[in-house]
Amino acid sequence: MIHLLDQNTIDKIAAGEVIERPAAVVKELVENAIDSGANAITIEIKQGGISFIRITDNGCGIPKDQIPLAFQRHATSKISTIEDLLQVKSLGFRGEALSSIAAVSQVELITKDADSIIGCRYEIHGGTEITKEEIGCPDGTTFIMRNLFYNTPARGKFLKTNATEGGYISDVVLHFILSHPEIRFKFIWDGKIKIQTSGNGNVRDNIYNQYGPDITKALLPVEVSQNGMTLTGYIGKPELSRGTRSFMNYYINGRHIKSPVIQKGIEAAYQGFTMTNRFPFTALFLEIDSSCLDVNVHPSKMEVRFTNQEEVFELFRTGLHEILKQTTLIPKVSLGKDEPAKKAEKEPVGTPVKKPDIPKAPEPFEVKRTVQTPAAADSMTTKAPLKNTQLPEIKYEQQSLFQEQLLQEEDAVRFRLIGQVFGTFWLIEYKDELLIIDQHAAHEKVLYEELMKELSENHVYSQNLLAPVVLTLTHREKEVLVSYQEAFAKLGFEIEEFGGDEYAVKAVPSHFLHLASRELFYSILDELLENPQGGETELITDRCASISCKAAVKGNHTLSFSEAEKLIEKMLQAEEPYHCPHGRPTTISMTKKEFEKKFKRIV
């Protein structure tokens with residue numbers, strides 16, 4: 001039997017789509033506070049936000065005669081017609097937040113607009129109005145939510161511990177302070193101030209306060225414009241890469257979102273600078289015409305659709321990749337723990353900013369506590385063994401003390417090739433540094449850039465095989481081959497049908513003629529079967545890296561001095577010689593000063 005649900009049930013079902021946990025309450029209410037023009041916002045929670053959330057702002061407030069209307073479903077001041085959805089500039093727009101929160105909790109609202117002499121206090125529990133009375137209060141709004149899901153206990157069972165739910169809220173606040181550095185934020189958790197910002201508009205200051213000096217000193221500024229879009233913010237040097245994407249922060253028109261298009265663009269930009277399954281730190285802000293966006297994809301407003309997603313992808317991929325390419329990134333080796341320097345000879349670019357003084361925010365309901373800044377993230381270190389000495393620490397630092405790029409082609413004459421160790425690494429004296437080059441990574445980089453250069457110039461050289469290699473393919477393999485036939489041709493493969501399930505490989509890329517053609521082709525095909533690519537560009541880039549790795553000289557292979565010199569000369573001419581296509585460093589360095597310190601020649 002079909003019957004209509006009552007309005008109370010409808011409201012609670014709708015509330016569940018918008019309000020999943022306390023963090024969703026904080027997100028919706030802070031977005032409303034920002035839309036109201038507030039420049040000071042305090043967020044206070046107790047018991048992970050399950051029992052108590054208070055959001056106080058100094059925005060425009062709500063006229064008292066409109067308060068009951070504000071709690072009705074789909075009541076909003078942000079849009080009027082369906083056409084307005086194509087030009088949404090505010091963070092909120094659907095008018096569902098207040099009604100959804102009120103449907104599943106006990107809500108108290110204290111508000112006053114600038115045109116009113118006195119404010120108003122309003123209570124609504126489970127969607128039912130309790131009281132409305134006049135009260136003295138400053139301009140702005142205080143929204144108090146108590147006992148989330150008190151009337152829908154089945155939903156409350158799915159909440160995590162207080163600590164976990166509070167952590168989700170902390171993440172939400174973090175995104176707000178990054179996306180709106182011009183606003184003074186204060187976050188109080190069980191009576192303790194966890195986050196407080198100055199509202200000085202400086203994103204870098206807020207990154208320092210939340211992530212610490214290790215990340216801040218390894219930031220690269222971003223300012224790129226393309227196709228009417230502007231991308232600003234900061235990206236981390238490759239050494240900041242982590243095994244999780246949680247450090248990839250990006251925002252569109254001030255809104256924190258998740259986008260596969262942007263995610264892929266960032267990861268494509270770092271390809272060749274970071275190793276597989278390592279992800280960078282970013283704090284990026286995209287300004288784009290709102291008509292190019294659909295922000296009404298999901299109730300949480302965390303997903304967007306682009307009408308120009310290819311252009312967005314290229315903006316992130318090419319813009320960020322160029323910044324990384326222009327920065328010399330050679331890992332610097334220190335033999336053990338650094339000794340304190342008496343006086344720095346020259347301050348490198350990227351030194352941590354001074355921790356800003358945080359003024360007291362002139363907000364209502366001020367709570368005085370001590371600021372507690374989260375501990376700085378652990379620095380990334382790698383150890384490499386040296387015989388009869390302490391294990392050295394490799395510290396990845398940008399070598400930006402030099403005005404010009406290191407390892408330029410004209411510098412080759414100033415190198416002194418010392419020799420090979422462990423059948424893999426070449427030692428080179430260059431100015432006041434000892435450079436250590438991994439021959440496999442260097443050769444891999446040379447082959448990769450040669451192939452990519454030929455591709456960009458549309459003349460990849462193929463070499464005909466004396467006898468075609470005949471392959472028998474499964475149905476899935478044939479589908480992949482047909483899908484990427486043109487890409488295989490651009491890579492230098494000439495493949496023809498041979499009848500039935502068989503195909504003949506008649507030519508291969510000339511650089512890799514010495515490789516077993518059958519194994520080379522099958523290895524590429526297997527990778528495509530396991531990890532199908534989204535487009536031809538990614539396919540070609542990934543396959544070039546894979547082929548180059550297979551063709552490069554391996555470790556534990558002794559090269560002659562003349563072979564090593566030729567390899568190093570070619571590496572010096574590479575566009576970005578410091579990392580192999582998979583992100584491993586080709587070169588690390590040890591300074592003369594470090595040697596002198598360890599041998600006590602200087603103190």
- Query: Would Phe176 and His256 count as a close aromatic pair, with their ring centres under 6.0 Å?
  - Reply: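 Distance test on ring centres: not under 6.0 Å, no.
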Min side-chain heavy-atom separation [X]-[Y] under 4.5 Å:
X	Y	value
Ile53	Glu44	no
Asn253	Leu286	no
Phe187	Ile193	no
Met248	Gln263	yes
Ile67	Cys120	yes
Val222	Tyr234	no
Ile144	Val107	no
Val30	Ile43	yes

_What verdict does the side chain to side chain contact (heavy atoms under 4.5 Å, CB included) test give for Thr111 and Asp139, after you've listed the backbone C-alpha separation in whole Å, the side-chain angles of each residue and the deciding distance to 0.1 Å?_
CA-CA 7 Å; Thr111 186; Asp139 291 352; over 6 Å; no
Which residues satisfy the ring-ring contact (aromatic ring centres under 6.0 Å, His included) test with [X], sequence neighbours excluded?
X	answer
Phe143	none
Phe279	none
His321	Phe273

So, taking the atom named [atom1] in [X] and the one named [atom2] in [Y], what distance separates them when rounded to the nearest 0.5 Å?
X	Y	atom1	atom2	answer
Asn206	Ile177	CG	CD1	5.0 Å
Leu231	Ser225	CG	OG	8.5 Å
Arg54	Phe52	CZ	CZ	4.0 Å
Leu98	Leu69	CG	CG	10.5 Å
Ile41	Asn32	CD1	CG	10.0 Å
Glu310	Arg317	CD	CZ	13.0 Å

How would you list, by chain and number, every residue that makes a side-chain contact (heavy atoms from CB on, under 4.5 Å) with [X], sequence neighbours excluded?
X	value
Asn162	Gln47, Ile50
Thr164	Lys160, Thr161, Tyr168
Asp171	none
Asn39	Asn58, Arg184

I'd like to know if the side chain of [X] and the backbone of [Y] have a donor-acceptor N/O pair within less than 3.5 Å.
X	Y	result
Asn227	Met229	no
Asn202	Asp205	yes
Lys112	Ser116	yes
Ser170	Gly167	no
Tyr250	Ser259	yes

With sequence neighbours left out, what residues match [X] under salt bridge (Lys or Arg N to Asp or Glu O under 4.0 Å)?
X	result
Glu182	none
Glu267	Arg245
Lys64	Glu134

Show the nearest heavy-atom pair for residues [X] and [Y], with the distance to one decimal.
X	Y	result
Gly48	Ile169	O-CD1, 3.5 Å
Ala24	Ile19	CB-CA, 4.1 Å
Asp57	Ala33	OD2-CB, 3.5 Å
Phe71	Ser99	O-CB, 3.2 Å
Gly59	Ala38	N-CB, 3.7 Å
Met145	Gly49	CE-O, 3.5 Å

Point to revise | Stepwise side chain to side chain contact (heavy atoms under 4.5 Å, CB included) check, Leu178 with Ile207 | key: CA-CA 7 Å; Leu178 290 180; Ile207 293 174; 3.8 Å; yes
Q | Residue that, paired with Leu320, satisfies side-chain contact (heavy atoms from CB on, under 4.5 Å) out of Leu220, Leu284, Leu315, Val224 | A |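 Only match with Leu320 under side-chain contact (heavy atoms from CB on, under 4.5 Å): Leu284.
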- Task: Return the set of residues passing side chain to side chain donor-acceptor pair (under 3.5 Å) with Tyr122 (not counting sequence neighbours), or none when no residue passes.
- Result: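 Partners of Tyr122 under the side chain to side chain donor-acceptor pair (under 3.5 Å) test: Glu129.
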Worksheet item: With sequence neighbours left out, what residues match Thr282 under side chain to side chain donor-acceptor pair (under 3.5 Å)?
Response: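 Expected list: none.
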Q: Mind telling me whether Tyr211 and Phe281 have parallel, tilted or perpendicular rings, with 30° and 60° as the class edges?
A: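 Phe281 and Tyr211: perpendicular rings.
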Inset, instruction - List the steps and the verdict of side chain to side chain contact (heavy atoms under 4.5 Å, CB included) for Phe313 and Ile262. - result: CA-CA 6 Å; Phe313 173 84; Ile262 293 178; over 6 Å; no
(Q) Run the side chain to side chain contact (heavy atoms under 4.5 Å, CB included) test on Val261 and Phe316 for me, step by step, so that the C-alpha distance in whole Å, both residues' side-chain angles and the decisive distance to 0.1 Å come before the verdict. (A) CA-CA 9 Å; Val261 173; Phe316 279 82; over 6 Å; no
